[in-house]
Amino acid sequence: MMKREWMDILHHEKVATDTYQMVLNGDIPGSGIRPGQFVHILVDDNFFLRRPISIADVDEQAGTLTILYKVLGKGTKSLTAKQQGDKLDVLGPGGNGFPMEELKTKRALLIGGGIGVPPLHYLGRQLVEQGIEVISVLGFQSKEYIFFEKQFNELGEVYVATNDGSYGHHGFVTDILPGLEGRFDTYFSCGPAVMLKAVSKELTGYDGYLSIEERMGCGVGACFACVVPTPESDAKGYRKICRDGPVFKPEEVVL
Amino acid sequence: MMKREWMDILHHEKVATDTYQMVLNGDIPGSGIRPGQFVHILVDDNFFLRRPISIADVDEQAGTLTILYKVLGKGTKSLTAKQQGDKLDVLGPGGNGFPMEELKTKRALLIGGGIGVPPLHYLGRQLVEQGIEVISVLGFQSKEYIFFEKQFNELGEVYVATNDGSYGHHGFVTDILPGLEGRFDTYFSCGPAVMLKAVSKELTGYDGYLSIEERMGCGVGACFACVVPTPESDAKGYRKICRDGPVFKPEEVVL
Amino acid sequence: MSNLSINLPGLKLKNPVMPASGCFGFGKEFSDFYDLSELGGIIIKAATGEQRYGNPTPRVAETSSGMLNAIGLQNPGVDQIITDELPFLGEFDTPIIANVAGSTVEEYIEVARKISRSEQISAIELNISCPNVKEGGVQFGTEPDLAAEVTRQVKAVSDVPVYVKLSPNVSDIVSMAKAVEQAGADGLSMINTLTGMRLDLNSRKPIIANGTGGLSGPAIKPVAIRMIYHVYQQVNIPIIGMGGIETAEDVMEYLLAGASAVAVGSVNFKNPFACKDIIDALPETMNKYGFSSLEEIIGGAHR
Amino acid sequence: MSNLSINLPGLKLKNPVMPASGCFGFGKEFSDFYDLSELGGIIIKAATGEQRYGNPTPRVAETSSGMLNAIGLQNPGVDQIITDELPFLGEFDTPIIANVAGSTVEEYIEVARKISRSEQISAIELNISCPNVKEGGVQFGTEPDLAAEVTRQVKAVSDVPVYVKLSPNVSDIVSMAKAVEQAGADGLSMINTLTGMRLDLNSRKPIIANGTGGLSGPAIKPVAIRMIYHVYQQVNIPIIGMGGIETAEDVMEYLLAGASAVAVGSVNFKNPFACKDIIDALPETMNKYGFSSLEEIIGGAHR
Ligand SMILES: Cc1cc2nc3c(=O)[nH]c(=O)nc-3n(C[C@H](O)[C@H](O)[C@H](O)COP(=O)(O)OP(=O)(O)OC[C@H]3O[C@@H](n4cnc5c(N)ncnc54)[C@H](O)[C@@H]3O)c2cc1C
Ligand SMILES: Cc1cc2nc3c(=O)[nH]c(=O)nc-3n(C[C@H](O)[C@H](O)[C@H](O)COP(=O)(O)OP(=O)(O)OC[C@H]3O[C@@H](n4cnc5c(N)ncnc54)[C@H](O)[C@@H]3O)c2cc1C
Ligand SMILES: Cc1cc2nc3c(=O)[nH]c(=O)nc-3n(C[C@H](O)[C@H](O)[C@H](O)COP(=O)(O)O)c2cc1C
Ligand SMILES: Cc1cc2nc3c(=O)[nH]c(=O)nc-3n(C[C@H](O)[C@H](O)[C@H](O)COP(=O)(O)O)c2cc1C
Ligand code: FES
Ligand code: FES
């Protein structure tokens with residue numbers, strides 16, 4: 001059940017170029033958050049729309065959740081000015097996230113691009129807790145944009161690619177996938193639309209889950225801002241990313 | 001010469017119901033401020049227009065100026081949240097203020113109503129420094145709204161009136177004026193438009209100065225938002241409160 | 001206690017605050033946040049004759065004190081709305097207003113006829129002002145003759161009162177209002193969004209895939225108040241006012257200008273409790289400004 | 001280094017940023033803040049045939065991300081402007097554009113003839129769109145035939161190029177633009193303010209004594225961008241864009257939409273250095289988005 005809450009900022013730090021990590025405290029983390037769900041943040045009253053940000057980690061006991069965000073425009077820019085001790089207007093948790101109960105995976109491949117990496121962290125943690133083997137492939141623009149490599153290392157094997165070759169593999173995450181053939185049964189991917197398209201094409205035949213992004217209005221499923229079309233066989237013709245997603249099976253939606 | 005400056009808030013406190021005093025530090029106080037001049041304040045970026053607030057005191061040496069404001073709408077409400085150590089976007093000093101050099105007064109009567117009292121304080125201080133005798137008549141809604149009584153007591157005799165009779169004279173400042181006949185040669189008044197009208201009518205024949213208010217756009221004389229009409233004999237037909245005023249002789253303008 | 005109730009053609013409202021069409025879906029999502037029976041009424045998302053997918057995404061963009069949207073009337077079609085959405089809304093003790101859209105007069109008639117027969121619907125809001133569809137919609141909203149024609153035809157088939165929703169993208173809002181009043185409208189709903197655009201400096205293209213979108217939010221409130229103020233002086237049917245309402249004070253401003261009730265739109269996205277918060281604050285706000293009933297406030301700026 | 005210069009009919013601008021009419025007076029006050037020669041040009045306050053006092057006060061009100069004004073064309077009259085105001089402006093190395101207003105075609109002609117003969121004036125901005133005067137002004141701005149007529153007559157008497165300033169309070173901005181283009185306009189200036197109103201809950205009356213006022217500021221930017229985008233596709237004369245510009249990014253958005261230069265209005269009240277700050281930031285901003293000349297940006301959204 002979604003709540004609107006003024007959450008306390010417990011911690012806020014820069015973790016990579018343009019990239020910040022924030023830990024929030026409140027009741028929302030106690031509502032059984034699933035990996036892949038997001039919070040919808042009102043940065044301050046200067047803004048008219050909320051910003052959707054994925055949940056990167058949850059500590060139910062401590063009542064905290066972690067988010068990571070990249071400075072992109074005005075809203076994320078203003079967010080950087082918030083300080084420990086400030087309050088933040090948060091609506092969440094939003095969406096459905098990864099269907100943890102239905103998963104039949106034994107060996108999972110996580111594929112994250114840039115600021116698509118964070119939700120895969122919480123997912124990876126939960127998979128490992130369930131005894132599932134996890135391999136991660138993470139892509140970043142360049143070395144200075146890398147974050148969470150250590151955290152993913154704790155979950156299993158990690159491959160890093162950078163667009164400019166300043167760290168790890170020089171190129172795209174998709175370059176790494178052929179080498180991993182046979183080592184996973186299910187993949188989980190989050191990142192820019194072009195990457196998701198390439199990944200789902202490359203991994204046709206595998207069981208997969210994609211977490212996709214779109215500009216949102218309400219973030220609760222009421223305004224039809226965030227739809228994604230479905231294949232012709234689907235009678236409804238669309239899914240709402242904020243309510244039905246943001247996680248979909250690649251065959252469920254048309255990217 | 002007007003400046004735009006981010007001034008430091010040195011001090012901010014509530015001095016009466018809905019009434020706050022703020023001390024600001026910066027270069028503006030060094031520019032030879034005259035009593036009756038104002039600062040034009042941008043509360044924060046949520047607001048599109050600045051707020052004109054009179055200068056209630058200046059300490060050139062310390063580089064500080066004092067303002068007093070009453071919470072009226074959104075802007076002054078938001079201003080109350082500012083804290084010592086914060087910066088404030090200030091444009092000033094604006095307007096002409098009282099023509100200190102031209103004054104021929106020996107015995108001055110200050111007549112202030114409500115939040116019109118502050119500019120008279122700095123005026124009174126300067127008059128007393130010049131050896132001029134000062135009597136003050138201050139009107140407030142009721143006892144809890146009274147401020148600066150002590151400061152005016154230091155300048156000379158003070159008469160206070162409250163609309164509800166909860167302190168001092170029960171009634172209006174104009175009730176007190178007849179009793180002061182012969183004890184002053186020039187009056188200086190600031191307060192609500194109705195009060196200024198009544199005062200200037202009551203004191204016809206005396207040399208007088210009124211400080212008047214109007215909603216402002218630019219605050220620098222460029223937009224024609226803040227005009228006041230002049231008597232028919234005046235060719236120009238108007239004065240700009242922000243540039244030519246806010247202090248006028250009663251015979252110069254039509255209230 | 002202030003009396004918040006108001007009766008309008010077909011609508012017994014316990015308070016004057018309703019979510020605006022398209023900003024509240026068919027209510028389901030917001031029922032997670034509070035009891036929808038607290039609302040004065042609910043204006044549901046536009047219905048068309050057939051299911052529509054709407055425009056490509058992105059469909060929304062933020063602007064200063066507002067937003068652009070170009071949903072493009074996505075909806076499951078009138079039949080499915082009646083079978084799948086209205087029953088849920090029937091559980092609440094609040095009147096439902098159906099927003100009716102179309103590309104042709106025939107489509108408007110078909111949708112209005114069907115949905116007005118539904119038990120759950122108390123009134124129709126005739127959407128002749130949607131700026132986000134290529135055909136229909138907006139032409140009906142800018143030419144008085146066309147507006148009058150579609151109003152007349154819809155009135156002829158509707159079992160419930162018809163409120164015509166006006167577009168602000170016109171030179172002369174009063175002529176539009178008078179034309180639909182003469183054509184038999186039971187009330188007016190105003191305003192829909194102003195047509196706007198934002199460009200992305202990186203892609204050098206409009207942010208909204210559709211190019212233009214409808215501007216809503218506090219940015220447009222002064223335009224809405226002006227239009228309602230002028231229309232109120234020239235028509236005798238009630239007005240449901242909307243555009244940028246965020247607070248109980250805003251509601252009072254609309255009522256003073258001449259609205260008899262209001263709709264709260266895009267601010268629901270900022271605060272899902274917006275309608276409830278406004279309703280809760282209304283009695284105290286009325287009190288603060290010396291009013292004890294809506295009748296005293298409505299049109300108060302004209303007295 | 002980016003090249004910020006642009007040549008328009010009658011105007012050699014060293015950069016595309018000018019203060020908008022009515023928001024900068026006749027320059028004097030702002031010359032205390034910075035050297036006016038830094039400006040691309042200066043559009044001065046409206047001139048009418050005779051001195052005008054304008055509307056009663058209050059004349060301004062704040063709105064969400066904007067403001068209302070109803071100055072009512074207060075100005076000392078064309079003759080006094082020529083003798084008392086223009087000589088001062090002549091000291092600066094920047095072209096001056098005279099905003100010409102009137103209540104009748106005859107008044108427009110008289111003012112345009114007189115002021116266009118003045119040496120200091122490089123172009124006229126024909127203000128057929130002032131919403132704040134009872135007579136004239138706005139009618140010329142909402143009817144294409146009237147707009148064309150006054151444009152033609154003013155062109156006939158003007159010694160300098162004529163930019164016609166369009167009102168956004170119309171159903172069809174493209175028709176207005178085409179009508180004045182056909183009538184001989186050398187350029188367009190758009191947009192003037194949207195008509196709006198705010199009510200005071202205490203007095204229950206409009207805050208602005210005039211009732212309505214013109215809405216300006218960032219609130220209206222999406223409307224301006226949309227109109228310029230559409231008009232650019234349909235006319236061949238250059239557009240000076242305005243409405244809510246606060247930053248160099250905003251300027252880029254206007255240029256991409258199709259403006260060849262811009263005017264910065266009410267934000268001068270918030271920040272008296274606004275024009276200078278924008279001009280200073282422009283080269284870096286152009287660079288950031290990969291542009292090195294204005295020509296590359298202008299109309300970029302259409303390529
Ligand atoms: C389900 C979901 C999860 C996300 N998780 C994360 C995350 O964990 N970390 C992170 O940094 N980013 C995440 N994003 C993207 C993030 O929402 C945008 O980067 C952010 O909204 C940009 O806001 P801004 O104010 O900086 O940009 P502006 O351009 O000023 O934003 C203007 C408007 O556009 C919207 N917008 C702009 N870009 C995007 C985008 N790429 N996606 C969605 N809306 C956008 C904003 O929300 C806002 O409404 C996620 C997006 C979605 C849909
Ligand atoms: C020359 C001058 C000196 C002033 N000195 C003082 C002072 O020392 N202390 C003080 O408390 N007040 C003073 N005022 C009045 C003060 O400017 C207003 O109370 C204040 O602007 C209200 O802002 P708000 O945001 O609270 O109200 P809102 O109603 O939210 O303001 C909306 C807009 O209206 C304007 N406005 C509203 N009321 C007034 C008003 N009475 N006068 C001018 N503009 C108004 C605001 O500036 C703003 O632009 C002075 C006014 C003038 C013209
Ligand atoms: C996302 C969105 C979708 C909308 N859909 C509709 C619609 O389907 N039918 C309609 O008549 N108006 C629609 N509107 C307009 C609103 O009902 C309302 O008239 C407008 O947004 C102004 O109110 P606001 O400023 O409170 O949002 C929509 C507005 C938004 C923001
Ligand atoms: C106080 C004020 C006075 C104005 N006076 C004039 C005028 O005399 N002539 C004119 O053509 N436009 C006038 N305008 C309109 C502006 O030139 C400009 O078109 C409009 O304000 C939109 O730009 P902005 O949002 O940057 O302010 C005035 C605007 C304001 C705010
Ligand atoms: S953002 Fe409103 S339906 Fe998804
Ligand atoms: S406020 Fe602009 S001229 Fe006085």
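What you are looking at is a predicted structure, and each value in this text was computed from that prediction instead of being measured. So that the names make sense, note that chain A is the first sequence line, chain B the second, and so on, each numbered from 1.
Every pair passing ring-ring contact (aromatic ring centres under 6.0 Å, His included) that includes a residue from residues 243-275 of chain D is listed here, sequence neighbours excluded: D:Phe33-D:Phe273.
C:Arg198 contributes atom CZ, which lies 15.0 Å from atom OH of D:Tyr229 (distance to the nearest 0.5 angstrom). Taking CG from D:Leu68 and CD1 from C:Ile225, the interatomic distance works out to 10.5 Å, rounded to the nearest 0.5 Å. Here the straight-line distance linking atom CG of C:Leu215 with atom CD1 of D:Ile220 works out to 10.5 Å at 0.5 Å rounding.
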Residues D:Glu253, C:Leu201; criterion side-chain contact (heavy atoms from CB on, under 4.5 Å); working and verdict: CA-CA 7 Å; D:Glu253 195 174 341; C:Leu201 299 186; 4.2 Å; yes

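With a threshold of 4.5 angstrom between heavy atoms, C:Tyr289 approaches chain D through its backbone and through its side chain. When heavy atoms are compared at a cutoff of 4.5 Å, C:Pro168 does not approach chain D at all. Heavy atoms of C:Leu256 lying under 4.5 Å from chain D belong to its backbone as well as its side chain.
Of the residues listed (D:Arg226, D:His230, D:Met227), the one engaging C:Thr195 in a side chain to side chain contact (heavy atoms under 4.5 Å, CB included) is D:Arg226, and it is the only one.
Looking only at distances, a side-chain donor or acceptor of D:Ser171 sits under 3.5 Å from a matching main-chain atom of C:Ser171. Here the side chain of C:Lys221 pairs no donor or acceptor atom with the backbone of D:Thr63 at under 3.5 angstrom.
Chain C forms more heavy-atom pairs under 4.5 Å with one residue of D:Thr285, D:Ile173, D:Asn202 than with any other, namely D:Asn202. Ranked by non-hydrogen atom pairs under 4.5 Å with chain D, the options C:Ala61, C:Gly196, C:Gly66, C:Gly290 are led by C:Gly196.
For the pair C:Val170/D:Asn169, no side-chain contact is recorded, criterion being any heavy-atom separation below 4.5 Å from C-beta on.
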Run the side-chain donor-acceptor check on residues 240-247 of chain C: report pairs under 3.5 Å with partners two or more places apart or on a different chain.
{"from": "C:Glu246", "atom 1": "OE2", "to": "C:Lys270", "atom 2": "NZ", "distance (Å)": "3.3"}
{"from": "C:Thr247", "atom 1": "OG1", "to": "C:Glu249", "atom 2": "N", "distance (Å)": "3.4"}
{"from": "C:Thr247", "atom 1": "OG1", "to": "C:Asp250", "atom 2": "N", "distance (Å)": "3.1"}
{"from": "C:Thr247", "atom 1": "OG1", "to": "C:Asp250", "atom 2": "OD2", "distance (Å)": "3.3"}

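Looking at every heavy atom in both residues, C:Ala257 comes nearest to D:Leu199 through N-CD1, 3.4 Å. A pairwise comparison of heavy atoms in C:His302 and D:Lys205 identifies C-NZ, 4.2 Å as the closest pair.
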